[in-house]
2 protein chains.
Amino acid sequence: MLTERQLLILQVIIDDFIESAHPVGSRAISKKDEISLSAATIRNVMADLEELGFLEKTHSSSGRVPSEKGYRYYVDNVIGSTMAKGNLSIMRDLVRDEFIDFEKLVQKSAEVLSDLTNYTSIILGPEIFETKLKQLQIVPLTDHSAVAILVTDSGHVEHRSFTFPAEISPNDLEKIVNILNDRLHGISLARLPEVITKEVLSLMQMYVHDFEKSYQYLKSAFFQEQPVKLYIGGKTKLLTQPEFNDINKIRAFYQMMENEDQVVNLLKAPQHGIKVTIGNENKIDEIKDFSLITASYQFGSEQMGTIALLGPTRMEYRKVITLLNALSNEMTEALYLWYKNNGY
Amino acid sequence: MLTERQLLILQVIIDDFIESAHPVGSRAISKKDEISLSAATIRNVMADLEELGFLEKTHSSSGRVPSEKGYRYYVDNVIGSTMAKGNLSIMRDLVRDEFIDFEKLVQKSAEVLSDLTNYTSIILGPEIFETKLKQLQIVPLTDHSAVAILVTDSGHVEHRSFTFPAEISPNDLEKIVNILNDRLHGISLARLPEVITKEVLSLMQMYVHDFEKSYQYLKSAFFQEQPVKLYIGGKTKLLTQPEFNDINKIRAFYQMMENEDQVVNLLKAPQHGIKVTIGNENKIDEIKDFSLITASYQFGSEQMGTIALLGPTRMEYRKVITLLNALSNEMTEALYLWYKNNGY
DNA sequence: GTTAGCACTCTAACCATCTGAGTGCTAATT
DNA sequence: AATTAGCACTCAGATGGTTAGAGTGCTAAC
C-alpha cells in the first residue's frame, strides 16, 4: 500500500506525463502548487516508487515515466474518487437528438467520441442476433433470382440475394413466403436456421411442389453468417499522438484495424461497467503499446453492444472513462425509452 | 520530339526509378544490357532530358529522377506499345467466380487490386440512380414507426426508417403503399421525388384520409440523398511505400480519405478508357504527391461506376494500367451477361 | 525527516571531417 | 562529329568528438 505522499506524487507525475508526453523530473514536480517539498525529497519518493514498479526511467539520468503498473494503480485507485464533469451534456444531447435510427446514432457517437478525445473510437453495433423477425419478404427480380428481406422488430433490415432454378413458380414462391412468415414471426435471427430445419421444412414439403430443389437455394439466403456492424471513428487521430510518429509502430496497428474480425474479437467479451486494458494486458500484439477502454450498452439485462476508445497507454484515463460511462448510460437509457415508446 | 536514344534512356531511367525509388546515375545505366554507351555519353543525354524538363536532380550532384512531365511522356508515349501481360487471368477468374452479388464482387475486386499492386484501390459502386424501382414495401414496426424498403431492378435494397403520428391507420398505410407501388414501378430512383410530387400526391389526397399529415413523415423516407457506395482496399498499403515514411505526408492524405464525399468527387467524372492523373495534375492538394489511375465500367453505354488506384507518382504505370483495363472490361462484360441472363 | 550541494550520467544538438556516388567539362579517341 | 576517358568539383550522409542541460543519487548539513 502506498503512503499518502507516494500516492500524491504518483498522481502528479502521471497527470503531468499524460499532458506533456515528456519524462517528469523532480524539480518540475517540486514547483507545482500542490507540492511543497524540495526536489531532493521528491527524488527519494520517486526512487521508492520506481523500486515498487510504478515508475520507470528512459535512461539512467532521465526523469520518470509511469510504468504500466503505475497506470493500472492510477486507474484503479486514483481516478474513481475524482470523476471529471463537463462534456457530459454533449453526450446527452447527442443521444437525444440523433436517435431516429440506431445506426445513425452509433455512427455519430463514434465520431463525437473521437473528436472529443483525439483517440480512435470503436463501437460494436447493436447485436442483432437477439432481435426477432418481424417480417420476411421475398421480392422476385427475374425468372430465377430474388432478394430476401428480413425486417426485425428493432427496425433493422437485412437482405440477401439468391438465385434459384426457373422451375419454381411464382405461386410456389408465394406459398413459401407465407409459410415462412407464419412460422418464423417472433423468432430471433440466431434461431432461424434451427427453426427452419426442425419445424418449417416438413411443413413446406407438404404444400410446395418439388420443394427439395427450391430449398437448396433458399437455404443460402438464411444460413449466412450475420456480420456484426462495426463503427470506427477518427482512425487518423492516433497519427497526431507523439508516441506514434514512427511509421513502423503505426503500420502494424493499421493493418490490424483493417481486419474487422480481429477488431470485433477485441471488443466482444461480455462485461459490466467500464473495463480498462493497459498496454501488455491486451491480448493482441499489435496494440501492446495502446490502452483500450471499453463500456457496454444494454437493453434490459441484455448486452447489446460495446463502445471503446483506443489510444496510447499515456491516455487521458479520467476524461475517457467519464465520457464512456456517460455515453453508455445515455445509450442504454435511450434504447429503453425507444423500445418503451414503441410499445414493447 | 525526342530522339530514339533519348526515349530509350528516359524509359530506362523511369523503369529503374520505379523499381528502386533511388535517383539513377549515369554509370548504373551504362551497365544495363540494353545500353551500350559509356557513362559520359549518357550524362550528355541526361543533361538534355533535364533541360527538356523530363528529368530532375535532387541536388546538384545527384542522379536523375523523373519529373512529372517525364512520367506524363512515359505514360503517353512509351507504355501504350508494350502492355504487360500476366495477372489478367486472375481478374477474369475473380469476376467470373464472385459475381453472385455485385456488392461482393466490387468489394473483392478492391481487395485483389490492392494486393496485386500494393497501392490503395478505390471503387465507386454501381450508380444506383439510374436503376429502377422494382418494389416498394412498408413494414410497420410499432404504432408510429415503420421502415420503407425499396428494391431496385438490379437487386439493390435500400431502406429508411421513419416515424409517423399514430393517427395513420394501418388501412391508410396499405392504401398508400398500393398507390405508390402502382405508380412508381419502373421509375428510376433519381426521379422518385419528382414523380411523387407531380403525380402521386394528388392521387393520394383523393384516397387517403387526412393525407397531408402522413405525407410530412413519409417524405423523409423518400427524399433522402442516396449515398454512393465506396469501396476502398488496402488503405495501409501506401505505408509501405518509401516516399511516405514521413508521418506528416501521410496524415493529410488519410484525413482526406476519411471524407467520403471528397473521395467520391475525385472519381466521379465521366470518362472513357483509362485516365492517368499525375502529381500536381490532381485537383486535390492532399494527393499532389500521388498518381491516380481511373477506369470506368459500363452497362451498355451507361457508365455505372469507376475503379481507381492511388499510389505514389513513382507508380508501376504499365502494370496498373493493364490491370485496370482488364478489370474494367471484365466487369463491363460480366454486367452485360448478368443482365442478359436475367432477362433484361 | 528534509534539504542543499555536488559529482556524475546521459541525451540531444552542434560541428567538423570524410567518403562515395554522381556530375559537368575538356581533351583525346574513334 | 560523335563518343569516351579523365579529372576537378559538389553534395548527402555517415562518423565521431564536443558541449550544454536536464536530471539523478548520494552525502552532509539543517
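A, B, ... follow the sequence lines: proteins, then strands. Residue 1 opens every chain.
Screening residues 7-62 of chain A for ring pair (Phe, Tyr, Trp, His ring centres under 6.0 Å), with sequence neighbours left out, gives A:F54-A:Y73.
Shortest non-hydrogen contact noted between A:I9 and A:I42 is CD1-CD1, 4.0 Å. Residues A:V276 and A:R72 share a closest heavy-atom pair of O-NH2, 2.7 Å. Of all heavy-atom pairs spanning B:Q241 and B:N118, the tightest one is NE2-O, 3.2 Å.
Rounding to whole angstrom units, CZ of residue B:R27 and P of D:dT4 are separated by 15 Å. Between B:D16 atom CG and C:dG22 atom P there is a gap of 10 Å when expressed in whole angstrom units. Going from atom CZ of B:R64 over to atom C1' of C:dA21 covers 13 Å, rounded to whole Å. Going from atom NZ of A:K31 over to atom C1' of C:dT3 covers 16 Å, rounded to whole Å.
Between the side chain of A:Y254 and the main chain of B:K235, no donor-acceptor pair closer than 3.5 Å is present. Checked by atom type and distance alone, the side chain of A:T236 never pairs as donor or acceptor with a backbone atom of B:Q255 at under 3.5 Å. Of the possible polar contacts, one joining the B:R251 side chain to the A:L239 backbone as a donor-acceptor pair under 3.5 Å is found. Between the side chain of A:N282 and the backbone N or O of A:I284 there is no donor-acceptor pair closer than 3.5 Å. Remark: the backbone N or O of B:G53 is paired with a side-chain donor or acceptor of B:S67 at under 3.5 angstrom. No donor-acceptor distance shorter than 3.5 angstrom exists from the side chain of A:E260 to the backbone of A:L230, with no hydrogens or angles considered. Looking at A:R314, its side chain does come within 3.5 Å of a backbone N or O of A:I18 through a donor-acceptor pair.
For the segment residues 33-57 of chain A, residues with any heavy atom less than 4.0 angstrom from an atom of DNA chain D are, sorted by number, A:R43, A:M46, A:K57.
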Any protein N or O atoms within reach of nucleotides 10-14 of chain C? Criterion: under 3.5 Å, listing atom names and distances.
from: C:dC10; atom 1: OP1; to: A:S60; atom 2: OG; distance (Å): 3.2
from: C:dC10; atom 1: O5'; to: A:S60; atom 2: OG; distance (Å): 3.4
from: C:dC10; atom 1: O4'; to: A:S61; atom 2: OG; distance (Å): 3.4
from: C:dC10; atom 1: O3'; to: A:H59; atom 2: ND1; distance (Å): 3.4

Item to check | Heavy-atom protein contacts under 4.0 Å, nucleotides 13-19 of chain D, coded B base, S sugar-phosphate only, - none | outcome: -------
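Direction change of the helix axis from one end of the helix from C:dG1-D:dC30 to C:dT30-D:dA1 to the other is 20°, with five pairs defining each end axis (rounded to 10°).
With sequence neighbours left out, B:T313 forms a side-chain contact (heavy atoms from CB on, under 4.5 Å) with B:Y71, B:I278, B:S291, B:Y317.
Aromatic ring centres of A:F290 and A:F244: separated by under 6.0 Å.
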